[in-house]
J.: 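Can you keep this structure in mind? I'll have questions shortly.
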Amino acid sequence: MKTVQTRIALMAGACALVFGVSANSFAQSGQHAQHGAASGQAGQHHDMAGHEMMQSMEAMHQKMSSMQMTGDHDHDFAMMMRSHHQAGIDMAKAQLKNGKDPQMQAMAKKVISDQTKEIKKLDQWLAKHKASSK
């Protein structure tokens with residue numbers, strides 16, 4: 001049981017770290033745009049791409065932080081991982097839409113494929129295992 005608690009704590013900490021770093025990077029890109037570093041349509045496209053990724057991160061963070069924990073660590077882990085994987089898919093879709101690098105495009109396609117399969121497995125598990133208070 002402690003292993004599941006540790007995993008959840010590590011995942012939440014990693015999400016918080018990523019969210020904090022991403023938010024800082026996004027804020028800095030906005031500051032640069034205000035100072036003329038990103039101007040015209042290319043700058044707007046860049047801002048929109050970053051905005052899409054930030055939206056998916058914020059949605060995941062909001063959903064995970066507002067989840068009602070059941071005390072059933074297996075169930076709580078599955079719920080949180082589902083949200084985490086969906087955010088990965090959303091970010092990968094933004095990469096496919098806005099990215100240019102072939103290696104990152106291939107990685108985004110793999111993330112979508114892999115995480116979609118993982119979500120399906122999590123959904124199947126959640127359907128069979130209703131939360132029990134432990």
J.: Supply the atom-to-atom distance L126 CG to D74 CG, rounded to the nearest 0.5 angstrom.
T.: 10.5 Å
J.: How far apart are the closest heavy atoms of H85 and L122, and which atoms are they?
T.: CD2-CD1, 3.8 Å
J.: For the backbone of G88 and the side chain of Q115, can you confirm whether one donor and one acceptor N or O come within less than 3.5 Å of each other?
T.: no
J.: Could you report the tightest heavy-atom contact between I89 and I119, atom names first, then the distance?
T.: CD1-CD1, 3.6 Å
J.: Going by side-chain hydrogen bond (donor to acceptor under 3.5 Å, both in side chains), name the residues that satisfy it together with H75, two or more places apart in sequence or in a different chain.
T.: none
J.: Quick one: pull up CZ in F77 and CE in M80 and give me the separation to the nearest 0.5 Å.
T.: 9.5 Å
J.: Let me confirm one number: the CE-CG distance from M107 to D101, rounded to the nearest 0.5 Å.
T.: 9.5 Å
J.: Not counting sequence neighbours, which residues clear salt bridge (charged side-chain N to carboxylate O under 4.0 Å, His left out) with K117? List them please.
T.: none
J.: To the nearest 0.5 angstrom, please state how far the CE atom of M104 sits from the NZ atom of K109.
T.: 13.0 Å
J.: Do side-chain atoms of D76 reach the backbone of T70 as a donor and acceptor pair under 3.5 angstrom?
T.: yes
J.: Look at the side chain of T116 and the backbone N and O of I112, then say whether any donor-acceptor pair between them is shorter than 3.5 Å.
T.: yes
J.: Please enumerate all residues that pass side-chain hydrogen bond (donor to acceptor under 3.5 Å, both in side chains) together with E118, with sequence neighbours excluded.
T.: none
J.: With distance as the sole criterion, is a donor-acceptor pair present between the side chains of Q86 and D90 under 3.5 Å?
T.: yes
J.: Roughly how far apart are W125 CH2 and R82 CZ, rounded to 0.5 Å?
T.: 14.0 Å
